[in-house]
Amino acid sequence: MASDRVTFAAVLRIPEFRVLWVADAQSAIGDQLARVALSVLVFERTASALLTALAYALTFVPAMLGGVLLSGLADRLPRRQVMIGCDLIRAVLLGCMAIPRVPIWLLCSLLVVAVLTEAPFMAAESSLMPIILDGEYYIVGTGLRTITNQVAQLAGFAGGGLVIALIGARAGLALDAATFALSAVLIRLAVKARPAAIAEPSAQHSVGPGVLSGVVSGLRLIFHDPRLRILLGLSWLAGLYVVPEGVAAPYAYDLDHGAVATGLLMASMPAGTALGTYLWVRFVPTEQRPRWMGPMAAAVGLPLALCGLHPNLVLSLVLWTVAGLFFGYQVQVITEFVRTVPDQQRGQAIGIASSGLLAVQGFGILLGGAVAGLWGVNAAVASAGLLGTALAVGLSWSWHRASPARLHPQVAEPIRLAASVEDRVAEDRVAEERVAGDLVAGDLVAKDVVAENRVAEDRSSA
């Protein structure tokens with residue numbers, strides 16, 4: 001029934017989620033302003049398009065390394081402490097970047113460290129979400145966070161340049177630093193303190209050489225189970241579906257349009273994704289969502305394939321927006337993946353998946369640019385859409401065959417590679433208690449039999 005559906009308002013009434021959502025929203029807006037501010041600042045100082053592009057790339061690339069190596073901290077340390085620590089580090093680093101006359105090399109170095117800390121923060125927060133939100137609340141909450149991030153991206157595209165023009169590049173960096181400081185305060189005041197997912201980290205989980213073993217363990221966890229492999233593949237289709245954004249500028253140029261058209265094209269897919277995510281969590285029945293992930297993923301590529309027919313700007317905007325609508329399937333992929341992974345390795349698994357996503361997006365944009373140079377920008381967008389659809393069809397069929405969650409989508413059972421030492425000890429104790437109980441019961445029965453025999457003998461003697 002419609003009245004039984006979980007709404008965004010119902011999710012926001014949960015205090016911990018509400019605070020995390022507010023902290024994320026204002027930090028996301030600050031990040032978009034900082035990206036624009038950094039590009040403006042570097043170009044003003046160097047007049048080099050190459051260095052400006054490098055500085056912008058540094059806002060993404062280090063996250064790949066951090067996702068693999070540092071996300072395990074979200075399992076080994078209390079997650080609230082990880083989030084607060086990462087926010088404070090970023091606040092200090094962004095504040096230092098806002099200081100006048102900071103050398104470019106130091107500016108970029110501070111940026112790399114700041115971006116590295118994003119990975120453990122996101123891993124800790126994403127790992128906490130299924131604990132704070134249960135069942136349908138978790139899916140709706142994830143949808144709301146996705147919509148918020150897309151809207152923040154749109155706001156950055158639309159108003160970032162104007163804001164930086166008004167307040168200046170360094171003020172923009174300082175504002176981003178303030179958003180991280182505020183986020184740390186909000187998390188400290190409103191998020192409950194919880195123990196680390198790994199109660200007593202062993203040498204295998206310790207910082208240092210154990211980091212590599214944690215990464216190997218996370219990879220083994222992900223690629224051991226077909227459900228996780230398929231979900232990862234559905235997520236990484238974004239490496240193809242991001243191609244239109246990567247070639248938006250030459251696409252607009254081929255249509256005899258300039259910067260305004262480029263901005264509209266780049267904003268069309270995030271706008272469609274925000275709307276598609278809302279429609280997905282609001283109107284698609286819970287039990288149907290896992291079944292529709294694959295078909296929705298395949299549908300994303302179909303409007304993009306039509307770009308091979310060289311549509312005009314208005315029709316291109318419509319096609320890209322429709323593709324974004326179908327891209328809302330990603331919210332289900334995220335929730336299925338996170339709930340399937342056991343809590344003790346959730347942070348590491350999320351980090352590996354996120355790093356891989358960034359890598360395939362970067363590779364997809366490079367590949368799309370190469371295809372655009374050889375056969376034209378419309379061919380690049382269309383081929384990315386067709387290849388994405390073909391891969392999604394195969395993944396959809398594999399999901400249908402492999403996932404037991406299609407029968408009970410409300411329950412995503414965590415996988416277990418092997419019983420831990422603690423589990424085996426606990427099972428042995430239970431077995432010993434059962435044996436002891438059986439012995440006691442047998443002893444009692446024997447005593448009852450002896451007593452009855454004595455009573456019978458007494459009666460015979462009498």
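In this text the structure is predicted, and so the values were computed from the model without any measurement.
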Margin query: Under a 3.5 Å distance rule, please check whether Y241 uses its side chain to pair with a backbone N or O of A297 as donor and acceptor.
Written below: yes

Next item on the list: State, with a plain yes or no, whether a side-chain heavy atom of L128 is found less than 4.5 Å away from one of K192.
Entry: no

Notebook entry, point to check: Going through the distances and angles, do L228 and F223 end up as a side chain to side chain contact (heavy atoms under 4.5 Å, CB included)?
Noted result: CA-CA 7 Å; L228 293 179; F223 290 101; over 6 Å; no

Margin query: Could you measure the distance from the CE atom of M122 to the OG1 atom of T117? Nearest 0.5 Å is fine.
Written below: 12.0 Å

Margin query: Holding to side chain to side chain contact (heavy atoms under 4.5 Å, CB included), I want the full list of residues that pass it with A380, two or more places apart in sequence or in another chain.
Written below: V371, A372

Next item on the list: Using a 4.5 Å cut-off on heavy atoms from C-beta on, say whether the side chain of R227 contacts that of W399.
Entry: yes

Check: Are the side chain of T273 and the backbone N or O of G328 linked by a donor-acceptor pair below 3.5 Å?
Finding: no

Next item on the list: List for me each residue that meets side chain to side chain donor-acceptor pair (under 3.5 Å) alongside W21, sequence neighbours excluded, and say none if there are none.
Entry: T148

Checklist line | Spacing of L325 atom CG and M269 atom CE [to the nearest 0.5 Å] | finding: 10.0 Å

Note to self: When you compare the side chain of L20 with that of I132, does any pair of heavy atoms fall below 4.5 Å?
What the structure shows: yes

Next item on the list: Of all the heavy-atom pairs spanning A196 and P78, show the shortest one and how long it is.
Entry: CB-N, 3.8 Å

Check: With R145, which residues qualify under side chain to side chain donor-acceptor pair (under 3.5 Å), at least two apart?
Finding: E125

Item checked: Check: D343 and I131 side chains under 4.5 Å, non-hydrogen atoms -> yes

Margin query: Restricting to side chain to side chain donor-acceptor pair (under 3.5 Å), what partner residues turn up for S316, sequence neighbours left out?
Written below: Y251

Check: In chain order, what residues pass the side chain to side chain contact (heavy atoms under 4.5 Å, CB included) check against A248, with sequence neighbours excluded?
Finding: T262, L265, M266, W320

Next item on the list: First locate atom CG of L391, then atom CG of L237, and finally report the distance between them rounded to the nearest 0.5 Å.
Entry: 6.0 Å

Notebook entry, point to check: Which atom names give the shortest non-hydrogen contact between S268 and T321, and what distance separates them?
Noted result: CB-OG1, 3.5 Å

Check: Is the backbone N or O of A197 less than 3.5 Å from a side-chain atom of D75, with the two atoms forming a donor-acceptor pair by type?
Finding: no

Note to self: Please find the pair of heavy atoms, one from V331 and one from I139, that lie closest to each other, and give the distance.
What the structure shows: CG2-O, 4.1 Å

Notebook entry, point to check: Do M293 and V333 come close enough that some side-chain heavy atom pair is under 4.5 Å?
Noted result: yes

Notebook entry, point to check: So how far is it from L70 CG to Q348 CD, rounded to the nearest 0.5 Å?
Noted result: 9.5 Å

Return all side-chain donor-acceptor pairs below 3.5 angstrom for residues 303-314, not counting sequence neighbours, or 'none' if the list is empty.
unit_1	atom_1	unit_2	atom_2	d
H310	ND1	N378	OD1	3.3
N312	OD1	V314	N	3.3
N312	OD1	L315	N	2.8

Next item on the list: List for me each residue that meets side chain to side chain contact (heavy atoms under 4.5 Å, CB included) alongside A193, sequence neighbours excluded, and say none if there are none.
Entry: R80

Next item on the list: Not counting sequence neighbours, which residues clear side chain to side chain donor-acceptor pair (under 3.5 Å) with E16? List them please.
Entry: R194

Notebook entry, point to check: How many angstroms lie between CG in L234 and CD in Q332, if you round to the nearest 0.5 Å?
Noted result: 11.0 Å

Note to self: Minimum heavy-atom separation for L133 and G141, please, with both atom names.
What the structure shows: CD1-CA, 3.9 Å

Margin query: As an exercise, state the distance from CG of L232 to CD1 of I352, rounded to the nearest 0.5 Å.
Written below: 9.0 Å

Check: Between P295 and S396, which heavy-atom pair has the shortest distance, and what is it?
Finding: CD-OG, 3.5 Å

Checklist line | All pairs passing side chain to side chain donor-acceptor pair (under 3.5 Å) where residues 126-138 contributes a residue, at least two apart | finding: E136-T286, E136-R289

Check: Is the shortest heavy-atom distance from the side chain of P130 to the side chain of R346 under 4.5 Å?
Finding: yes

Checklist line | Validation row: V243, S383 side chains within 4.5 angstrom (heavy atoms) | finding: no

Note to self: For a quick test of reading the model, state the closest non-hydrogen atom pair linking Q26 to A23 and the distance between them.
What the structure shows: NE2-O, 3.1 Å

Next item on the list: Answer whether the closest heavy-atom distance between the side chains of L73 and F121 falls below 4.5 Å.
Entry: no

Checklist line | With sequence neighbours excluded, residues passing side chain to side chain contact (heavy atoms under 4.5 Å, CB included) with A382 | finding: none

Note to self: Give me each pair satisfying ring-ring contact (aromatic ring centres under 6.0 Å, His included) with a member in residues 370-398, each pair once, sequence neighbours excluded.
What the structure shows: W397-H400

Checklist line | CZ/R188: more than 12 non-hydrogen atoms of other groups inside 6.0 Å | finding: no

Using atom types as modelled, flag every donor-acceptor pair under 3.5 Å from a side chain in residues 175-187 to any protein atom, sequence neighbours excluded.
unit_1	atom_1	unit_2	atom_2	d
D176	OD1	D31	N	3.3
D176	OD1	T179	OG1	3.3
T179	OG1	D176	O	2.5
S183	OG	D87	OD2	2.6

